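Notes to accompany the following structure.
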Amino acid sequence: MEKIIVRGGRQLNGTVKAEGAKNAVLPVIAASIIASEGKSVLHEVPALADVYTINEVIRHMNADVNMVGNTVTVDASNVLETEAPIEYVRKMRASVLVLGPLLARYGHAKVAMPGGCAIGSRPIDQHLKGFEAMGAEVTVGNGYVEAEVNGRLKGAKIYFDVPSVGATENVMMAAALAEGKTILENCAKEPEIVDLANYLNKMGANIVGAGTETIRIEGVEKLTGATHTIIPDRIEAGTFMIAAAITGGNVLVQGAMHEHLRPLVSKMEEMGVIIQEEESGLRVIGPDILQATDIKTMPHPGFPTDMQSQMMALMLNAAGTSVITETVFENRFMHVEEFRRMNANLKIEGRSVIVEGPSSLQGAEVAATDLRAGAALILAGLVADGYTRVTELKHLDRGYVDFAEKLATLGADIERVREEEVYSEDHEPSESVSTL
Ligand SMILES: CC(=O)N[C@H]1[C@@H](OP(=O)(O)OP(=O)(O)OC[C@H]2O[C@@H](n3ccc(=O)[nH]c3=O)[C@H](O)[C@@H]2O)O[C@H](CO)[C@@H](O)[C@@H]1O
Ligand SMILES: C=C(OP(=O)(O)O)C(=O)O
């Protein structure tokens with residue numbers, strides 16, 4: 001087992017670059033298998049565990065996939081298998097995003113039913129409702145969801161009960177190749193949905209309105225491979241913005257796009273952080289004293305749930321009482337117990353957490369309960385007294401490339417070590433054991 005060990009007290013300064021967005025690249029790679037002709041060439045693909053998993057999923061289906069540096073090439077012109085077994089879906093829920101492309105191209109798709117996870121129950125009823133409205137017969141049984149249609153899917157008018165990111169993406173991909181016009185209402189509006197629509201349009205699709213509540217899709221008969229550059233990861237960028245702010249540092253986060261990060265920027269500014277737009281990204285300058293604020297997570301353009309735990313770390317260092325209300329996932333407070341191990345003063349009240357700051361955080365051994373929790377605990381460790389040891393790094397690796405290494409470049413006292421190489425409380429970890 002590996003751990004990240006961070007010693008608090010260093011101010012972060014310098015420049016860091018956001019990778020391509022995890023939540024954009026996963027649907028884009030899933031969509032690449034819709035193309036019955038031509039290769040897709042995808043640039044700015046982050047070297048994340050989740051990317052390796054989605055590549056494995058489509059390779060298992062007989063697509064040719066190659067990753068060289070940050071470029072992925074997909075040739076899906078072979079005849080594909082239309083099944084994704086449990087081993088992939090267990091590793092990564094986003095594997096369900098192959099349902100729409102397979103169903104549209106082959107009239108059949110079978111994917112292991114994703115269960116709940118550490119942040120909530122996460123049903124896929126809205127994905128299935130969309131496929132059924134387009135004429136598919138959907139059956140759920142023996143741990144699988146299977147969708148089938150005779151001939152092509154038919155365009156339909158579909159109203160999502162909740163603005164789900166995954167359902168909007170899955171149904172939009174299916175509709176791209178359906179017969180006739182589809183109108184999707186109450187869609188999720190995340191920037192990653194716009195990126196997916198842009199890629200599909202380059203493949204020959206006819207999609208308008210992505211990024212708004214209503215998406216209109218005129219189905220086409222065939223899609224072909226296309227070249228596309230993935231948008232920067234707003235959540236990774238936001239995590240580094242908080243790293244700068246929490247340490248009172250001055251960091252330029254390259255690739256951080258103001259239009260994608262408006263809710264975070266405005267909340268951080270309310271807390272006293274200075275954020276300046278520069279040509280290549282956002283410069284974040286932390287104040288001497290952070291002020292308390294409140295946030296409520298909401299679908300985009302509301303405050304992103306994927307930044308909630310990192311924001312909790314920042315609020316723990318702010319003067320006064322802050323309130324976090326989580327409305328997107330019902331169980332996304334697992335990190336509260338871990339923060340408490342670091343002496344954080346936090347109280348859960350229903351779907352809210354009351355944060356009393358500033359807490360005098362102390363280093364402790366803590367576990368990443370999900371990927372953003374892992375990042376948040378490391379952020380807290382940057383300012384805690386002594387050493388914080390973060391375990392369960394498999395979660396962190398799903399969404400962050402070289403997180404510890406990038407923080408070290410900015411001046412953090414941090415390293416990633418194997419368990420057997422970890423020393424006792426009062427022993428500084430040695431440079432020679434770093435596995436970065
Ligand atoms: C790979 C990816 O892009 N992951 C992101 C995506 O996840 P994901 O696409 O799974 O999240 P959704 O937007 O679908 O989920 C939002 C809410 O809708 C509910 N719901 C969803 C689908 C459905 O059929 N029925 C239903 O009730 C969920 O339980 C949840 O409460 O958006 C989430 C919300 O911004 C982010 O936290 C994840 O990082
Ligand atoms: C919850 C997240 O991702 P996923 O939907 O892939 O679990 C996330 O990125 O914070």
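In what follows, every heavy atom counts, from backbone to side chain, and hydrogens, waters and symmetry copies are set aside. In each ligand, atom 1 is the first atom listed, and ligand 1 is the first ligand listed. Bear in mind the structure is a predicted one, so any value in this text is a computation, not a measurement.
A salt bridge between Asp397 and Arg416 is present, with a side-chain N of the basic residue lying under 4.0 Å from a carboxylate O of the acidic one. Between Lys39 and Asp75, none of the side-chain N atoms (NZ, or NE/NH1/NH2) sits under 4.0 Å from a carboxylate O, so this pair counts as no salt bridge. The pair Arg59-Glu56 does not count as a salt bridge, with every side-chain nitrogen at least 4.0 angstrom from each carboxylate oxygen.
Put simply, the side chain of Val45 reaches to within 4.5 Å of the side chain of Met67, judged on heavy atoms.
The part of Arg332 lying near ligand 1 is the side chain, judged by heavy-atom distances below 4.0 Å. Both the backbone and the side chain of Asp125 come within contact range of ligand 1, each with a heavy atom under 4.0 Å. Contacts with ligand 1 closer than 4.0 Å are made by no heavy atom of Ala167, backbone or side chain.
Side-chain N/O atoms of Thr214 and Glu185 include no donor and acceptor closer than 3.5 Å.
Heavy-atom separations between Pro123 and ligand 1 include at least one value shorter than 4.0 Å. The closest approach between any non-hydrogen atom of Glu192 and ligand 1 is not below 4.0 Å.
If you check which protein heavy atom lies closest to atom 7 (O) of ligand 2, you get Arg122 NH1, 3.0 Å. Looking only at protein heavy atoms, the nearest one to atom 1 (C) of ligand 2 is Arg332 NH2, 3.5 Å.
In summary, the atoms of ligand 2 found under 4.0 Å from a heavy atom of Arg398, numbered by their order in the structure, are 3 (O), 4 (P), 6 (O), 7 (O). Heavy-atom proximity to Val165, at under 4.0 Å, picks out these atoms of ligand 1: 6 (C), 9 (O), 12 (P), 13 (O), 14 (O), 32 (O). Of all atoms in ligand 2, listed by their number and element, those nearer than 4.0 Å to a heavy atom of Ile119 are 1 (C).
The main-chain N or O of Thr297 is found under 3.5 Å from a side-chain atom of Thr327 such that the two form a donor-acceptor pair.
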ask   = Could you walk me through whether Val51 and Val25 pass the side chain to side chain contact (heavy atoms under 4.5 Å, CB included) check?
value = CA-CA 8 Å; Val51 167; Val25 75; 3.6 Å; yes
